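Reviewing the structure listed below.
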Amino acid sequence: MPSIVKPLIPLNPLPKNDLGLTVRDYEGAMSTLCAGCGHDSVTAAISHAFFELSTPPNRIAKLSGIGCSSKTPTYFVKGAHGFNSAHGRMATIATGANAANRELTYIGISGDGDSLSIGLGHLMHAIRRNINMVYVIENNGVYGLTKGQLSASADIGSAPKKGDANLLAPIDPIMLGLTLGATFLARSFSGDKEQLIPILKAAATHRGFALIDVISPCVTFNDHEGSTKSYKFVRQHEVKEVETDFVPLAVPIREKIPSDEAKAVTMHDGSVLRFRSVPDGYDPSDRMSVEEYIRDRQSRGEIATGILYVNESGAE
Amino acid sequence: MPSIVKPLIPLNPLPKNDLGLTVRDYEGAMSTLCAGCGHDSVTAAISHAFFELSTPPNRIAKLSGIGCSSKTPTYFVKGAHGFNSAHGRMATIATGANAANRELTYIGISGDGDSLSIGLGHLMHAIRRNINMVYVIENNGVYGLTKGQLSASADIGSAPKKGDANLLAPIDPIMLGLTLGATFLARSFSGDKEQLIPILKAAATHRGFALIDVISPCVTFNDHEGSTKSYKFVRQHEVKEVETDFVPLAVPIREKIPSDEAKAVTMHDGSVLRFRSVPDGYDPSDRMSVEEYIRDRQSRGEIATGILYVNESGAE
Amino acid sequence: MTITHRGSERVNDFAVKLANVNGTGSASANSLLVQAIFRMGIPVSGKNLFPSNIQGLPTWYEIRVNGNGHTARAIDYDLMIAMNSQTYAEDIADVHAGGYVLYDSSWPLANDLKRDDVTFLGVPLATMCLENFQKPRERILMKNIVYAGAVAALVGVDVTVAADLLTETFAKNEALRESNQRALRLGYDFATENFECPLEFHLEPMDANADSILIDGNTATALGCLYAGATVAGWYPITPATAVMDNFTRLCAAYRREKIPSDNPDEPPTYKNNYLIIQAEDEIASIGMVLGAGWSGARAFTSTSGPGISLMSELLGLGYYTEIPAVIIDVQRVGPSTGMPTRTQQGDILMCAYASHGDTKHILLFPANPHECFEFAAQSFDLAERFQTPVFMLSDLDIGMNDWVVPRLTWDDSYVPDRGRVLNDTDLAEIAEFFRYTNEDEEFVTPRTLPGSASKGAYFIRGSGHDKYGRYTEVPDQYQEVIDRLKLKHASAAPHVPAPLIERHEGAKVGIITVGSCDLAVREAIGDLAGHGLATDFLRVRGFPFVPEVREFVEAHERCFVVEQNRDGQLRSLIAIETGVAPERMTSVLAYGGFPLSASQVVNSVLTQMEIA
Amino acid sequence: MTITHRGSERVNDFAVKLANVNGTGSASANSLLVQAIFRMGIPVSGKNLFPSNIQGLPTWYEIRVNGNGHTARAIDYDLMIAMNSQTYAEDIADVHAGGYVLYDSSWPLANDLKRDDVTFLGVPLATMCLENFQKPRERILMKNIVYAGAVAALVGVDVTVAADLLTETFAKNEALRESNQRALRLGYDFATENFECPLEFHLEPMDANADSILIDGNTATALGCLYAGATVAGWYPITPATAVMDNFTRLCAAYRREKIPSDNPDEPPTYKNNYLIIQAEDEIASIGMVLGAGWSGARAFTSTSGPGISLMSELLGLGYYTEIPAVIIDVQRVGPSTGMPTRTQQGDILMCAYASHGDTKHILLFPANPHECFEFAAQSFDLAERFQTPVFMLSDLDIGMNDWVVPRLTWDDSYVPDRGRVLNDTDLAEIAEFFRYTNEDEEFVTPRTLPGSASKGAYFIRGSGHDKYGRYTEVPDQYQEVIDRLKLKHASAAPHVPAPLIERHEGAKVGIITVGSCDLAVREAIGDLAGHGLATDFLRVRGFPFVPEVREFVEAHERCFVVEQNRDGQLRSLIAIETGVAPERMTSVLAYGGFPLSASQVVNSVLTQMEIA
Ligand SMILES: Cc1ncc(C[n+]2csc(CCOP(=O)(O)OP(=O)(O)O)c2C)c(N)n1
Ligand SMILES: Cc1ncc(C[n+]2csc(CCOP(=O)(O)OP(=O)(O)O)c2C)c(N)n1
Ligand code: SF4
Ligand code: SF4
Ligand SMILES: [Mg+2]
Ligand SMILES: [Mg+2]
């Protein structure tokens with residue numbers, strides 16, 4: 001059943017962490033997302049990261065807003081305390097929780113709609129306050145749960161960009177973070193667990209606000225304009241009754257992102273994203289050069305991934 | 001009476017513009033702001049700009065949010081159509097008005113509280129949509145109308161910055177605008193009419209979203225930490241009953257900002273801001289170099305003013 | 001001929017429930033059946049009971065056929081199409097004794113699921129599709145059409161009608177047309193060969209639908225907005241309101257694009273959009289945009305659901321106090337909070353009536369079906385501009401997202417929008433001075449001007465205290481003068497909102513008041529109650545502020561029941577507050593579990609509370 | 001001895017109004033007078049009628065002295081201190097015939113301003129200050145103290161008391177102390193030399209204030225929050241609520257900072273804040289932070305006014321439905337929209353009772369004065385945690401920002417906060433399983449756990465549909481089971497909120513119901529009405545949900561008046577909805593112009609409506 005696809009788990013016998021727990025203890029309820037949804041891969045990575053960090057499940061507070069992405073906290077670390085709040089408001093709830101109890105590890109899961117539209121102001125002020133938490137944006141460029149409207153990060157990945165850049169410029173949380181003096185900024189791809197897990201671990205150990213923008217494709221409403229396999233295209237060119245509620249089963253995309261070259265990854269809708277992870281020796285501490293690096297890669301149609309910026313001095 | 005200080009007006013006989021109107025026709029009701037408030041100087045500059053542009057008053061729509069700054073649209077161009085809306089929402093109202101009638105010249109007046117706290121998300125999305133309007137932030141680093149709380153731009157001008165930069169980093173609308181692909185970004189100082197008026201005229205003629213961040217000191221709640229003449233200091237070191245409602249009469253600060261050197265201007269609270277306007281031949285079209293220039297100046301404790309970035313191609 | 005019961009035979013009076021897995025394409029098959037039955041001229045309804053999920057969770061579809069037009073939700077099922085193994089147990093339990101269960105017999109049915117008081121009809125759907133179709137995608141999709149074929153045979157759907165529908169649907173797609181036709185036949189033939197078709201409950205053609213159409217409320221609402229001439233919309237996606245804007249967008253693209261032929265004959269013409277639909281960053285921005293556009297003279301609206309109204313509260317007060325036309329479509333869903341986004345409720349009535357802090361009162365319209373959605377949506381704009389204030393149309397998920405058989409939508413082409421009192425430059429030239437809140441008419445409306453008009457008409461809108469001249473004030477009398485007029489203005493709208501529908505019955509001492517989508521169930525219930533010897537009168541509220549008839553109705557009856565779909569009896573409260581009648585004269589009949597109301601819920605509750613049950 | 005009227009002489013019964021220019025430092029002088037009168041043991045009130053402006057606009061201050069303790073706003077003035085030339089005309093007109101006007105005679109008074117039925121007392125304030133003070137700043141500031149001195153002489157304020165006050169105030173500032181003393185004397189001596197002092201209405205010492213203090217509601221509220229142990233606050237500045245947080249911040253800095261001595265004796269100790277007050281980016285964030293902190297077990301609150309509540313609506317529903325303790329202080333101001341931010345009203349009653357979409361109901365507390373602000377603020381936290389839900393305390397600008405004479409604040413040091421049902425790890429160890437919404441007590445409250453507790457107690461809060469186990473659900477019964485309990489839980493709070501205050505009078509057939517800051521004016525009015533031969537009983541609502549007494553009171557009287565400060569009679573509506581009594585049994589007496597209520601408004605309205613006026 002598509003609804004019971006589980007995050008991949010290692011072969012038995014399951015290894016144990018310092019607490020004597022297995023990765024199973026860091027999983028949660030059965031996912032009800034679409035088969036192949038990028039979010040499920042992120043969920044799996046989170047389970048692994050906390051497992052490897054040996055974080056006591058009950059010392060984790062997992063929060064979210066509203067959206068397919070925001071449903072995922074139910075799917076990891078069942079022993080953690082969870083709060084699936086309201087659309088766009090997770091950062092404010094996390095801020096208050098943090099004020100009341102600074103001893104827990106806070107992880108917030110959000111979507112691009114949740115964080116870059118309705119919740120944008122809160123996200124920016126949480127960055128400014130450097131709230132001690134991991135903030136994951138599962139970024140798919142669409143509003144998944146409401147069936148595929150474009151989000152404010154919409155043309156992430158649609159290369160070349162469509163339309164008037166000044167009218168449709170996507171909002172890039174990493175760039176905003178740099179402007180706002182964020183202390184930890186990373187970008188990754190749901191399909192690359194090898195990269196994502198270490199980033200999650202680094203973020204969880206960072207004292208301060210750690211923002212991770214994870215490109216996490218929506219297999220169902222991969223709605224880039226002009227994509228001939230896109231949901232929108234089907235809606236318009238085939239017949240409503242037949243297609244609207246048919247969600248073909250898809251498999252999650254998995255790719256290892258190299259640093260020596262850009263890796264081209266084909267999305268479910270046929271569009272191609274070109275990922276590159278930062279090279280060895282990359283210096284994530286100088287804001288200006290970081291920005292230049294990202295923009296330079298962008299200008300080549302590449303998405304730079306990895307831990308892009310860190311400022312531990314600023315950590316609380 | 002402090003309450004009837006009027007924007008300075010030229011000596012009679014008043015010159016007429018192409019419409020045969022004098023600058024008087026571009027003024028509005030009597031200001032009820034504090035004597036010497038920077039906002040009144042901005043008001044005067046706006047009257048002059050529209051007068052010089054010979055814009056028919058009835059073709060101007062002036063909007064604002066809530067705050068001392070947002071009160072000012074009543075004080076200019078009485079013949080224009082005005083909308084003093086709700087706190088932080090002016091950008092959304094202007095967007096809707098623009099959708100209904102694209103023939104008018106829209107000018108929105110806001111404050112740093114109005115735009116960078118409660119209204120931040122709307123401002124950013126208005127920039128992203130490149131709404132055709134002039135958007136003025138009368139930036140004083142405090143919440144004037146509610147009596148002097150620090151705003152999100154609080155330490156603008158308090159050099160050296162206080163506290164943990166990562167906790168208190170001011171939100172800089174110009175930097176945000178650059179990140180978001182804004183098409184017109186300028187910064188000025190309420191005290192320099194010679195600079196402000198041309199910027200306002202350029203903004204009004206720009207087809208797209210023109211953001212002007214005007215540093216406009218609050219004479220009453222100039223609340224920079226550690227300023228020994230600050231309202232807060234008085235409150236703490238003298239006696240509440242006597243001082244809270246006493247607002248000393250002040251005169252507006254006037255300074256011409258040169259481009260060859262940085263001009264040090266002393267604020268009402270004794271703190272010093274160092275302004276510099278962009279040099280002749282400065283290229284406002286290259287985003288990256290613009291950013292470098294601004295940051296470079298910042299690093300020297302200077303505030304770069306003038307038309308900092310323009311992208312006419314992006315104009316709608 | 002409507003319903004007939006000959007012995008065990010039941011014609012045009014039964015209910016089918018289809019249990020599917022979300023995202024497997026069953027909607028196509030289900031609506032094919034409803035459309036076919038509709039074309040056979042028989043009153044029918046299809047209700048989609050779906051989860052807040054995109055793929056994999058259980059979802060249900062209910063088809064009710066009733067020759068007498070009682071097509072509210074039936075909660076007792078003659079035939080279950082059990083396509084979801086996850087929910088076999090509950091679905092099979094859901095069929096009434098003597099009913100039937102159709103399931104996919106490609107796999108045997110576990111014994112513990114068997115019931116001996118129902119008949120199991122096994123159709124090897126998976127196997128049939130495996131044998132008859134190649135593409136894996138088809139093999140999944142076509143299962144739906146195959147069971148549709150089987151159902152057609154079982155209940156007597158005219159298979160040629162169904163076939164025609166498929167032909168029309170796939171006119172442009174040969175391949176799909178062929179495979180769908182084949183699938184339909186497969187199911188139909190299998191059933192006729194293996195089962196006694198039709199079953200004792202079945203269809204016989206009527207012609208009850210000659211002047212009707214099958215349409216959902218959100219589409220009808222979008223049409224109403226289009227006909228009313230709405231040109232600006234600001235919105236934020238939210239279930240179940242999203243389809244209003246999807247449809248409005250589609251319609252505008254089709255009917256609101258101006259063709260501008262290019263001077264150069266070789267070049268193609270260009271198009272100008274005479275509308276602007278903005279997907280805002282949130283609901284606060286949505287209503288802000290609507291107010292900005294309304295201020296500027298455009299007919300503007302937003303569509304949202306409960307959470308959106310909560311967020312809009314502050315600006316709704318701004319619109320009320322500054323007197324700006326705005327139309328808000330609230331397609332209600334289950335609250336509080338995020339609640340059950342894909343389930344129906346009428347829980348925003350009180351909030352919408354008084355949305356915002358301070359003393360505010362809004363105009364509300366309550367459609368009961370897509371036909372009224374069409375009419376009331378259009379009327380909302382007239383009311384908003386006539387009374388210069390936000391107007392709410394409260395639809396709900398049941399109306400908005402389900403297909404209803406309603407009278408054909410008609411539009412009076414002589415319709416002239418009521419733009420309210422707006423002074424243009426000529427008007428201004430004729431008056432000495434203009435002050436925004438002076439010169440009120442007998443409905444306490446004062447003329448406004450639009451931005452851009454001559455400076456004589458320029459004024460300064462403010463949400464802060466203002467006098468009737470529009471000037472800033474903090475003087476008590478001047479402030480009160482304005483808000484007192486607002487209260488009177490609101491009251492004057494009563495005769496202009498849709499009048500309540502009243503139906504009296506011989507000797508009825510009991511009255512039943514209801515609203516919106518409760519309509520069909522309550523009407524059916526009134527019949528059933530009569531059967532139980534209880535005559536009741538009927539009143540359906542369709543607009544707020546209330547006309548005197550509402551109060552009179554309550555007072556004219558020894559006892560009144562107020563049927564509504566929320567927990568706290570919000571309509572009852574609103575009637576008490578606004579008409580002055582004692583809440584105690586009105587007994588609540590409440591259903592708020594999230595599924596559309598059914599007559600039996602009303603009948604049971606009324607009878608129990610009358611203590612004659 | 002309280003009030004005496006000997007011939008024309010009136011002791012301890014008069015009103016003075018002071019007309020000033022905003023931002024000129026008059027508040028100091030005005031409160032100096034009130035404090036001095038207070039110290040003389042005489043009941044007094046000072047009401048600040050100020051504009052939404054920082055400098056330059058007119059502002060008024062009213063002092064009412066009444067030996068019987070009737071210190072509600074008096075709207076007829078014996079003495080006017082006319083310090084604002086802009087408003088001379090209206091201010092002079094405001095004095096009743098036979099009254100006095102004190103003005104700055106440094107400039108002659110225009111003839112058209114003269115009235116021959118009042119006595120003009122010219123004091124050359126500007127000139128005196130010019131001659132006696134050097135610094136320009138002093139010359140402006142001291143004018144205020146000079147007129148204070150004159151007033152002291154005119155109404156018989158004990159000048160040594162006033163002088164002592166100045167000495168205490170400026171204990172730390174020699175220069176200021178000296179100049180203030182001099183200014184006071186200047187005014188006092190000028191008056192005694194030039195006018196017949198005291199005037200026929202004047203003060204005589206009493207001993208009514210032995211157990212009283214002079215305090216404003218916002219300070220008292222902050223104290224209540226401190227005593228209740230609030231440790232987290234999220235807020236956004238808004239008049240008139242800002243001072244609540246200003247004071248809470250000041251108090252926390254003084255009493256909530258833990259001194260951590262450094263190991264190295266040479267180094268100074270460091271301090272740890274056992275509290276966190278966050279100035280949020282807006283009100284939505286404020287309530288979000290409060291809910292986050294409440295979820296985590298802190299006593300958290302926010303303070304705001306109408307517009308803030310509107311913005312919080314959505315999250316208030318989340319708090320209600322997920323059952324998180326939260327305290328919201330609403331210091332009401334004039335709405336709708338921005339309205340008159342510096343004026344008072346009671347316009348948020350209905351909104352707060354039902355804030356948010358869907359079916360929601362909140363607990364409300366209605367303090368009438370700073371003393372109740374202190375007690376109710378503290379109690380709000382107990383109620384919020386006991387009932388695991390948002391609790392609103394509805395203060396208003398009159399209570400919050402004016403100085404009131406109230407009984408000394410007392411605190412029972414044996415107070416143990418009611419933290420409600422929270423399971424810690426030991427508790428968890430004793431139970432087999434934990435499910436968030438099971439195991440309810442007789443008040444329908446279910447135990448919760450806090451983040452960080454053992455995984456056995458871990459659960460997943462969601463604003464979406466959930467069953468009693470806290471699991472996601474879309475099943476009608478499971479959803480209803482939870483919200484039905486919420487309704488019962490809300491009802492169970494009735495006996496725990498502050499009980500209504502009831503005062504019966506011999507033979508009264510008429511009842512007067514009121515709320516909050518109407519208290520003093522209504523009590524005074526009841527006396528006056530008795531004087532007019534109308535005996536009335538008194539009930540002041542202090543909490544919602546209502547106890548049965550409220551309903552019984554209405555039913556026990558032939559007629560009830562509901563006195564409140566809003567346009568739409570919101571309390572009356574709430575009583576009707578929630579108790580079931582007919583709204584018609586309650587007649588509204590409404591004042592909503594933005595100034596504090598005065599007895600005469602109530603008396604006139606009641607008498608007119610009783611048709612015996
Ligand atoms: C106040 C409010 N407005 C709108 C919605 C409807 N809504 C639910 S999820 C969602 C957007 C989800 O998009 P995103 O955050 O990108 O998450 P995704 O589903 O793409 O993972 C919206 C608009 C809501 N729940 N609440
Ligand atoms: C929703 C809402 N919250 C709070 C307020 C109170 N308020 C009025 S003005 C203001 C801030 C003004 O600051 P700014 O925008 O910087 O303007 P300034 O007075 O400094 O020019 C606030 C918080 C309000 N009017 N509405
Ligand atoms: S709709 Fe898209 S985002 Fe949502 S679950 Fe399905 S694939 Fe994931
Ligand atoms: S308070 Fe400050 S911002 Fe407001 S009017 Fe006075 S000087 Fe200007
Ligand atoms: Mg998304
Ligand atoms: Mg400011």
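Throughout, a chain's letter reflects where its sequence line sits, starting with A, and its residues are numbered from 1. Owing to the predicted nature of the structure, the values given are computational and were not obtained by experimental measurement.
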Backbone N or O of D:V244 within a donor-acceptor pair of the D:S303 side chain at under 3.5 Å?
no
Using heavy-atom distances under 4.5 Å, tell me whether D:I287 contacts chain A through its side chain, its backbone, both, or neither.
neither
What distance do D:S296 atom OG and A:L104 atom CG have between them, rounded to the nearest 0.5 Å?
7.0 Å
Looking at D:F434, is its backbone amide N or carbonyl O close enough to the side chain of D:T438 to form a donor-acceptor pair, meaning the two atoms are under 3.5 Å apart?
no
Any idea which of A:T74, A:V77, A:N101 has the most non-hydrogen atom pairs under 4.5 angstrom with chain D?
A:T74
So, the part of D:I277 with a heavy atom under 4.5 Å from chain A: the answer is neither
Residue A:A80 versus chain D: region with a heavy atom under 4.5 Å
backbone
What part of A:P73 lies closer than 4.5 angstrom to a heavy atom of chain D: side chain, backbone, both or neither?
both
Check: D:H490 side chain, D:H362 main-chain N or O, donor-acceptor pair, under 3.5 Å:
yes
Quick one about D:T302 and D:T304 (side-chain donor to acceptor, distance below 3.5 Å, no hydrogens or angles considered), yes or no?
no
Cation-pi check for A:F76 against A:K62: NZ or CZ below 6.0 Å from the six-membered ring centre and within 45 degrees of the axis, yes or no?
yes
Polar side-chain atom of A:T105 near backbone of A:I60 as donor-acceptor pair, under 3.5 Å:
no
Interchain contact, D:V232 with chain A, by part (heavy-atom threshold 4.5 Å)
side chain
With a 4.5 angstrom heavy-atom cut-off, is it the side chain or the backbone of D:I461 that approaches chain A, or both, or neither?
both
What residue in A:G88, A:A99, A:A94 has the most heavy-atom pairs under 4.5 Å with chain D?
A:A99
Could you check whether any side-chain N or O of D:E323 sits under 3.5 Å from a backbone N or O of D:Y320, counting only pairs where one atom can act as donor and the other as acceptor?
no
Under the side chain to side chain contact (heavy atoms under 4.5 Å, CB included) test, residues paired with D:S464 that sit two or more places apart:
A:N84, C:T338, D:R462, D:Y472
Greatest number of non-hydrogen atom pairs under 4.5 angstrom with chain D, of A:H122, A:R89, A:R59, falls to A:H122
Considering only heavy atoms and a distance below 4.5 Å, find which of A:A97, A:A100, A:P56 pairs most often with chain D.
A:A97
Below 4.5 Å from any heavy atom of chain A, which atoms of D:E281 appear? Answer side chain, backbone, both or neither.
both
Contacting region of D:A285 [heavy-atom separation from chain A under 4.5 Å]
both
Checking heavy atoms, do the side chain of D:T231, its backbone, both or neither come under 4.5 Å from chain A?
neither
